Each structure stands twice: as C-alpha cells, then as structure tokens.
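Report on the structure given below.
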There are 2 protein chains.
Amino acid sequence: MAQSGTPVWRSIRDTLASEIAQQGLRPGDRLPTEAQLSARFGVNRHTLRRAVASLVDEGLLRARRGSGVFVAMQPVEYAIGRHVSFHQNLALAGRLPGRRVNVTARRPADPVEAQALRILAGEEVWVSEGVSTADDQPIALYRTVFPAARFPGLDERLSRLSSVTAALNEAGLAEFLRAETRISAQTVTVAQALLLNAQEGQPLIVTQSVNTDMQGVPVEYGTTWFLSERVTLITRSEI
Amino acid sequence: MAQSGTPVWRSIRDTLASEIAQQGLRPGDRLPTEAQLSARFGVNRHTLRRAVASLVDEGLLRARRGSGVFVAMQPVEYAIGRHVSFHQNLALAGRLPGRRVNVTARRPADPVEAQALRILAGEEVWVSEGVSTADDQPIALYRTVFPAARFPGLDERLSRLSSVTAALNEAGLAEFLRAETRISAQTVTVAQALLLNAQEGQPLIVTQSVNTDMQGVPVEYGTTWFLSERVTLITRSEI
DNA sequence: TTAGATTTGTTCGTATGTATC
DNA sequence: TGATACATACGAACAAATCTA
C-alpha cells in the first residue's frame with residue numbers, strides 16, 4: 001500500500017502530464033495502450049485508468065474506445081469582444097480561416113430575428129448559412145441574417161467574397177461593432193454532426209450576437225454553433 | 001376548415017403561449033398530456049404537436065419523452081464582464097442568489113491551478129467547491145482556488161460569509177478584476193446531475209476565469225459549470 | 001464485405017487503510 | 001472502542017467501438 005500521502009494514481013497522473021508538457025508527446029499523438037502503461041508503472045489497469053481519467057477531465061487527453069488515448073488537439077482560441085471578425089480572429093490564433101456557404105436566401109424575418117434587428121416581423125432579410133473552418137477542419141456552423149432593405153445585392157457579395165466583413169464593407173459599411181453576445185450550450189443533432197464531421201451528442205457552445213453600425217443600428221444578427229471540442233471562447237477585459 | 005388565413009396550430013400556439021404568459025402555468029409546471037390537449041382543442045394530436053413544437057423551438061416549453069411537456073424555466077441572464085460578482089450579477093437579474101458549500105480544503109495546487117495563479121506547482125491553495133443557486137434552484141457548480149500563502153484563514157471566512165467577494169474583502173482585498181474568461185462546453189456527468197438536480201447528458205457551459213488584484217496579480221482561479229438550460233451567459237461591449 | 005484482433009468502457013467482486021461519528 | 005462510510009487498489013469478465021487482414 002502507498003505509505004505516503006499521495007495516491008499512486010495521482011503521481012502517475014503528474015508523470016504523464018509532465019511528459020506531455022515537455023513535448024515528449026505532441027497533440028494528436030497516441031499514448032501507449034492502457035495495458036502497456038499499467039505494466040510500465042507496475043499498477044493495475046484500474047489505477048492507471050484513474051490517472052488517465054483525471055487528465056481527460058482536464059482536457060489534456062482524449063480517449064476513443066477501440067482506438068486509443070490521444071493527446072488532445074489544442075482548441076482554437078476564439079476571442080469574443082467588441083471588434084470581432086472571424087477571419088481576423090483565427091489569423092491571430094495562427095489558424096487558416098475558411099468557410100463553406102450552404103444556404104443564401106431571402107425570406108421574411110421570424111419574430112426573434114426581427115426583434116434583434118429592430119425591424120418588423122415579416123420584413124425581408126438575407127440569410128446565410130454554412131460551416132466555418134480552421135485549417136480546413138470544421139469548427140462551427142453559422143446562420144447570420146441581415147436586413148435586406150438596407151443591403152440590396154448582399155447575397156451576391158456574400159457568395160463571391162470570402163468573409164462577411166468584406167461583403168458588408170463592399171455594401172458600404174466600413175465598420176461595425178458587436179453589441180452583445182449571448183452564450184448557451186446544446187448537444188449536436190445528427191444533421192449538425194454530419195456537417196461538422198463530429199460525433200452525435202457532443203457539446204456545442206451557442207452564441208447569438210448582434211452587430212451594429214457606428215450609430216448603434218443593428219446590421220447583422222448571427223447565431224454560431226461552435227464545436228466545443230475544437231474551440232474555446234475567450235473574453236478578455238479591455239482595460 | 002379554417003377559412004381564415006391563420007392555421008389552426010398557430011392559434012392553438014398563441015392560446016397556449018398567452019396562458020403561460022398570464023401565469024396560469026408557471027415555470028416547471030407540466031402541461032396536460034398531448035391527448036388531453038388535443039381533445040380540449042378538438043384537433044388531431046398532430047395538429048397540437050405542431051403548436052407545441054413551435055413553442056419548444058422558441059424555448060417556452062420543454063418536452064421530455066416519457067415524462068411530459070413542461071413550461072421552461074426562464075434562464076438566468078448572467079453577465080460576464082470586467083467586474084463580476086455572482087451575488088451582484090443575480091441581484092441585477094432580479095434573482096435571489098445563494099450557494100451551498102460542499103468542500104473547503106487546503107491542498108497543493110495542481111499544475112493547471114499553479115499556472116493560472118502564477119505560483120509553483122505544489123504550493124498550497126484554498127479550495128472551495130459547491131453549488132450556486134438562483135431562487136433556491138441550482139444553476140451551477142463551482143470550484144475556486146486561492147493562494148493559501150496570501151490569504152491565511154480564508155477557509156473560515158469562506159464558510160462564514162455568504163459570498164466569495166465578501167470573504168476576499170475581509171481578507172484585505174477591497175477590489176479585484178476579472179482578467180480573462182475561457183468558455184467551453186461539456187455534458188453533465190452522473191455526479192454533476194445529482195448536485196444540479198438535472199438530467200444526465202444535458203449541456204453545461206464551462207467557464208474558467210482568473211481574477212487579479214489591481215496590480216494584475218492573480219488572486220483566484222475559478223471554474224464554473226453552468227447548467228445551460230437554466231443560464232444564459234452574456235457579454236456586453238463596454239463602450 | 002467479413003471476421004477476428006485490439007483497445008477502451010463498464011460492472012461485478014475482494015481487500016485494505018483512513019476518517020468520522 | 002465499535003460501527004460506518006469512503007477512498008484506494010487489485011482481479012476478472014464482458015460490452016462496445018475501432019482497426020486490420
């Protein structure tokens with residue numbers, strides 16, 4: 001029995017953690033199997049699993065049944081703040097931003113959208129839906145709506161240009177601000193799992209945000225479903 | 001047949017919505033079964049389900065297979081910003097804040113905590129764990145750690161006083177700032193479900209944050225698991 | 001496409017030390 | 001002191017997902 005105070009599983013945990021921290025194992029690498037590791041540390045498989053479980057909880061490791069235990073990919077750090085652009089944000093994080101547009105349409109605003117954009121329910125909006133990627137890996141689904149009356153021809157700009165910011169700029173809006181972001185969580189549906197190339201039931205971070213022009217008039221209302229596994233949202237105090 | 005423009009399901013929807021709005025049904029209440037409701041309105045169960053589905057989509061109702069349809073709790077709007085106090089935050093949202101402390105302990109910091117607090121791994125920290133409530137309903141689990149060397153006797157203050165802010169104030173820290181908040185999502189484990197009185201597999205919003213003193217030195221590192229069903233996080237631009 | 005081997009996940013059971021009442 | 005609960009650790013067996021020949 002462990003005569004010292006710290007349990008065996010805890011010291012194994014710290015050993016594994018420091019080996020990873022010292023870059024002996026890099027993100028995406030597979031750890032030796034539980035059988036091998038428990039043999040190496042001279043403990044029962046349960047004891048080793050206890051150590052691995054705590055690192056999985058911390059997000060340092062990721063276990064896949066039938067496959068192995070892997071060093072977790074470092075999630076994209078996505079800043080939500082006053083002045084945000086998806087492309088800029090990912091470029092700052094050292095990732096290659098991209099998107100795939102699935103839907104571009106013009107239709108009447110539903111009540112929620114109308115309230116957010118401060119237009120009348122039934123007034124028309126441009127809708128753009130698609131998948132956002134980082135380094136060609138899907139990280140989020142988005143749906144964003146714009147008041148159609150204010151931005152004639154925005155659909156063409158949205159499909160031609162690579163970013164929403166660029167499309168709005170060309171439509172005569174040089175700058176805009178994020179007014180408010182509401183954050184909740186859901187689990188992925190079957191349809192979302194397919195689009196994101198993810199597993200059903202995984203947690204999503206859902207943000208709903210309104211962007212306004214410099215006069216405070218809403219110009220965009222967007223919902224984004226971030227795959228939590230691949231993204232961490234960050235708010236920093238702007239001191 | 002409804003000769004007028006509005007579909008039958010839509011008027012049923014509006015009827016149900018207004019009954020809820022007029023407090024005939026309160027958050028948490030169970031609606032009559034679909035069979036009972038479709039009998040009451042004299043429509044097929046499919047028609048009634050269309051009405052209920054639209055209210056579920058809006059978030060006003062919540063359907064649980066095998067259990068019933070319930071009036072959704074109004075989620076607490078929880079602002080994350082530069083200057084945050086749980087009690088203050090909930091009071092602003094018109095809710096009664098509370099907490100139940102489950103654990104108060106002193107132990108060596110693990111590597112993650114040490115890095116966040118900018119102390120050495122193994123230096124001792126105070127740990128406080130518990131459940132946060134709004135109007136006596138659990139809305140979040142929290143774990144928060146403080147450098148023990150800087151705050152002798154903090155454990156006693158944490159258990160005696162009703163809020164972390166009050167405990168830190170009494171320990172000589174008049175004011176502190178939130179430096180950064182990282183946001184991710186998980187699904188609730190069995191243990192968490194018990195503490196939160198929630199269903200397994202529900203999504204959680206996880207925030208990890210560091211509070212610093214006015215000189216920028218970390219004084220608290222906290223993780224909070226918000227039950228997404230009961231809380232919406234909000235960041236507002238501080239213009 | 002199939003079958004089998006590999007690997008993690010889960011659930012039994014047993015035993016021991018430690019803290020609490 | 002005894003009784004009880006809890007955390008730790010080992011063992012065995014099987015389920016479920018994944019990979020490969």
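All values below were derived from every heavy atom in this structure, side-chain atoms included, with hydrogens, water molecules and symmetry-related copies excluded. Each chain gets a letter, A, B and so on, in the order the sequences are listed, and its residues count up from 1. Quantities reported herein were computed from a predicted structural model and do not represent experimental measurements.
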For a quick check, with a 4.0 angstrom heavy-atom cut-off, what is the B/S/- contact string for nucleotides 12-21 of chain D, read 5' to 3'?
BB--BBBS--

Is a side-chain N or O of A/Thr224 found less than 3.5 angstrom from the main chain of A/Thr207, in a donor-acceptor match?
no

Examine C/dT6: is either OP1 or OP2 under 4.0 Å from a nitrogen or oxygen in the side chain of A/Thr33? Give yes or no.
no

Is there a side-chain polar atom (N or O) of A/Asn44 under 4.0 Å from OP1 or OP2 of D/dG11?
yes

Rounded interatomic separation in angstrom, taking CD from A/Glu34 and P from C/dT7:
10 Å

N or O in side chain of A/Arg49 less than 4.0 angstrom from C/dG9 OP1/OP2
yes

Decide, yes or no, whether a salt bridge links A/Arg178 with A/Glu180 under the criterion of side-chain N to carboxylate O below 4.0 Å.
no

Under the rule for side-chain contact (heavy atoms from CB on, under 4.5 Å), what residues qualify as partners of A/Thr144, not counting sequence neighbours?
A/Ser128, A/Tyr142, A/Phe146, A/Glu220

Taking CG from A/Leu55 and P from C/dT8, how many angstroms apart are they, rounded to a whole number?
14 Å

What donor-acceptor contacts under 3.5 angstrom involve side-chain atoms of residues 113-125 of chain B, with partners at least two apart or in another chain?
from: B/Glu113; atom 1: OE1; to: B/Arg107; atom 2: NH1; distance (Å): 3.0
from: B/Glu113; atom 1: OE1; to: B/Asp110; atom 2: N; distance (Å): 3.1
from: B/Glu113; atom 1: OE2; to: B/Arg107; atom 2: NH2; distance (Å): 3.0
from: B/Arg118; atom 1: NH2; to: B/Gly216; atom 2: O; distance (Å): 3.2
from: B/Glu123; atom 1: OE2; to: B/Leu120; atom 2: N; distance (Å): 3.0
from: B/Glu124; atom 1: OE1; to: B/Arg106; atom 2: NE; distance (Å): 2.4

Taking the cut-offs as 6.0 angstrom to the six-membered ring centre and 45 degrees off its axis, would you call A/Arg64 and A/Phe70 a cation-pi pair?
yes

Side-chain donor/acceptor of A/Asn44 to backbone N/O of A/His46, under 3.5 Å
yes

In whole angstroms, how far is the C1' atom of D/dT8 from the CG atom of A/Leu48?
15 Å

To the nearest Å, how far apart are A/Arg50 CZ and D/dC10 P?
14 Å

